Amino acid sequence: MIAVRRLRLGAAYVLLTYLTLHFTNHALGLVSLDAMETGRWWFLALWRSAPGTVALYGAVAVHGILALWLLYDRRTLRMPLWEAAQYALGLALPPLLVAHVVGTRIAWWRFDAGDPYSRVLLTLWLQAPESGARQTVVLVLAWLHACIGLHYWLRFRPWYRRAAPWLFSVALLLPTLALLGFVTAGREVAMRAQTPGWSAAMLRAANAPDAAEAARLAAIRQGFVESYGIALLGVFAARGGRRLLEWRRSVRITYPSVRVVTAPRGFSILDASRFAAIPHASVCGGRGRCSTCRVRIVAGLHELPAPSEAERRVLARVAAAPDVRLACQTRPIRDVAVAPLLAPSIVPAEAFATDVRQGREQELAVLFADLRGFTRLAENKLPYDVVFVLNRYFETVGTAITGAGGVTNQFTGDGVMALFGIEAGPATGSRQALAAARAMVEGVDALSAELATDLGSPLRLGIGIHTGPAVVGRMGWGESFYLTAVGDTVHVAARLEQATKDYAAQLVVSEALARHANLDLSSFPAHDLTVRNRAGQIAVRVVDRVARLPRV
């Protein structure tokens, strides 16, 4: 299966390159018709050479045949909307494209007919404008099909989120320029066609097909459409025959809450979930490229087929337990009981997150913050006013946390918990947490000034930060899964925030955080803090005003 996907991906790359160069050639119409013809010479030098011909039509054949094969191989046609759109576009393109291919490449190959832009545009712009409209639609659909596939393949790459705005700009700009070039050149051909004898002379020079040759080309086009239709119907007929055979040997898959799905043998666990309309995470669409569909095998683990090499690699990447399998790659041959591990609403950025039931231990910085005296302030205000102030406060501190590179973890009452260094490590995380603390205090001070007439006294913030080991993972139940951390480090950070009341300070940080941040805090008072339910004391530094912190 990996070889099939790599072959299809290679074919897709060739076709995307062809589309990109073809659209670029169209865009030259914004310069002139002659510029398009010059670009076409280089375009044909590549794609009508022997290597180019083999690459292009080999890619067309591979991509098309494998698309039909993968359609047959699917056990259920229930799929996410994006995947259905990609399938629909891909299946619609061959009959829409065949007229253009036969009229250009096949006409050149069979009858030595030239296909300069002037001849093609004369046909599409003046002689058969309905064909021009169809070709415009095909251009958009082909590009949309390619972009959907490219997006859902690249979105697992760590750099893709940063590059996505630039790639989107290119994806939007290129077909727009191609269409504008087509329209501009079409108008130029229409003007030239007004010159008596120009059209006839151009068609003779291009050796345009005569009536008999045009009829033979029409027969070729019709033959392809009929053959394609038969192949498509054959795939669905084969699916129906396989379904009848497989239903005779069904398996039962038990989900949490004792829901049981009866599915034909040969269905993957993800196929069964989709067949029964059970929400099941699958960021990559069931292609085994991510780990979001993984399940814990509650019963029947040893009766499952062994995982493939590709599945083992993905499971190893997320350090999955021995009883965890990818739902899209596991096809039970006997009854099993499973428990999906990720919420159905999982996002691409978390496609390879560590197993949420195990978590992973790592060092990071944990920040707790709380508004001082907000309970008394809220006593004399209407509930709507309290909600307004809290939302402005959460917006302010949330922006400061994410701007510094942290993750807002919990908003409880008027408090907030944030994590830093999940990906970057404890040193960077510690510096980010200190930068966030500074930005939070500055933001709350600005908010107090803005709401001075509505507040009895300025808003004051108490912040505690500690760096140390914690277990990080997506935890929760049902739809309420979120990334969080648990452990002694979290407990200590919460205690440091409470200690800001005892010391009448804006910030209390542990010596461990200062050491990781490589920051000299010797000018601030040092204390040994006792933490309830914890042996020993924590060495801390008390910062009366965050503005006095050295820049990190």
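Here the structure is a predicted model, which means the values were calculated and not measured.
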Student check: side-chain heavy atoms of L15 and H63 closer than 4.5 Å: yes

H145 side, atom NE2; L16 side, atom CG - distance, nearest 0.5 Å: 10.5 Å

side-chain contact (heavy atoms from CB on, under 4.5 Å) between Q362 and I422, intermediate numbers included: CA-CA 8 Å; Q362 64 177 105; I422 294 175; 4.0 Å; yes

Does T428 reach the side chain of F420, with side-chain heavy atoms less than 4.5 Å apart? no

Heavy-atom side-chain proximity of I148 to Y87 below 4.5 angstrom: no

Which heavy atom in L126 sits nearest to a heavy atom in A193, and how many Å separate them? CD1-CB, 3.7 Å

I would like to know whether V314 and Q329 meet side-chain contact (heavy atoms from CB on, under 4.5 Å); could you show each step before the answer? CA-CA 11 Å; V314 173; Q329 303 297 306; over 6 Å; no

Residues in ring pair (Phe, Tyr, Trp, His ring centres under 6.0 Å) with Y57, at least two apart? none

Return the minimal non-hydrogen interatomic distance between D115 and T104, and the atom names on each side. OD2-CB, 3.3 Å

Has the side chain of E213 got a donor or acceptor atom that lies under 3.5 Å from a matching backbone atom of D210? yes

Which pair of non-hydrogen atoms, one from I253 and one from P332, has the smallest distance, and what is that distance? CD1-CG, 4.2 Å

Minimum heavy-atom separation for L326 to E311, with atom names? N-OE2, 3.0 Å

May I ask you to test the P209-R110 pair for a side-chain heavy-atom distance under 4.5 Å? no

With rounding to the nearest 0.5 angstrom, report the OG1 to CZ distance, T292 to R294. 8.0 Å

Out of curiosity, D73 CG to R239 CZ, how far, rounded to the nearest 0.5 Å? 9.0 Å

Test item: P175 and L139 side chains (from C-beta on) under 4.5 Å apart, heavy atoms: yes

Main chain of R252, side chain of D335: is a donor-acceptor contact present, judged purely on distance under 3.5 Å? yes

Do L232 and L68 come close enough that some side-chain heavy atom pair is under 4.5 Å? yes

Give, for atom CG of L33 and atom CE of M191, the distance between the pair rounded to the nearest 0.5 Å. 12.0 Å

Within the side chain of S49, is there an N or O that forms a donor-acceptor pair under 3.5 Å with the backbone of L46? yes

Is there side-chain contact between R40 and L28, with heavy atoms separated by less than 4.5 Å? no

Between R312 and P307, is there a donor-acceptor pair closer than 3.5 Å when you use the side chain of the first and the backbone of the second? yes

Contact check, side chains of T262 and F275, non-hydrogen atoms, under 4.5 Å: no

Report yes or no: does E188 contribute a side-chain atom to a donor-acceptor pair with the main-chain N or O of S32 at less than 3.5 Å? no

Pair L77, F236 - check side-chain contact (heavy atoms from CB on, under 4.5 Å), show working. CA-CA 11 Å; L77 294 182; F236 284 102; 4.0 Å; yes

Distance-minimising heavy-atom pair for C293 and H280: O-NE2, 3.0 Å

Is the number of heavy atoms from other residues, nucleotides or ligands within 6.0 Å of CZ (R331) greater than 12? yes

Is it true that a side-chain atom of R221 and a backbone atom of G103 form a donor plus acceptor pair closer than 3.5 Å? no

Checking side-chain contact (heavy atoms from CB on, under 4.5 Å) for the pair V60/V101: CA distance, chi angles, key distance, verdict? CA-CA 12 Å; V60 169; V101 175; over 6 Å; no

Quick check: does any side chain N or O of R334 sit under 3.5 Å from a backbone N or O of G300, one acting as donor and the other as acceptor? no

Donor-acceptor check, side chain of R265 to backbone of I333, threshold 3.5 angstrom: yes or no? yes

What closest approach, in Å, do R119 and G114 show between heavy atoms, and which atom pair accounts for it? NH1-O, 2.5 Å

Among residues at least two apart in sequence or on other chains, which ones pass ring pair (Phe, Tyr, Trp, His ring centres under 6.0 Å) with F168? none

Side chain R325, main chain V338, donor-acceptor under 3.5 Å: no

If you measure from CG on L97 to CZ on R134, what distance do you get to the nearest 0.5 Å? 10.0 Å

Give a yes/no verdict on a cation-pi contact between R274 and F267, requiring under 6.0 Å between NZ or CZ and the six-membered ring centre and an angle within 45° of the axis. no

Within this structure, what is the CD1-CZ distance for the pair I65 and R8, rounded to the nearest 0.5 Å? 12.5 Å

Crowding at CH2, W159 (>12 non-hydrogen neighbours, <6.0 Å): yes

Look at the aromatic rings of H151 and Y160 and report parallel, tilted or perpendicular, splitting at 30° and 60°. tilted

Would you check if the side chain of D271 reaches a backbone N or O of S268 as a donor-acceptor pair within less than 3.5 Å? yes

For residues 21-40, which residue pairs pass the ring-ring contact (aromatic ring centres under 6.0 Å, His included) check, not counting sequence neighbours? Y18-H22, H22-H26, H22-F43, F23-W143, H26-Y117

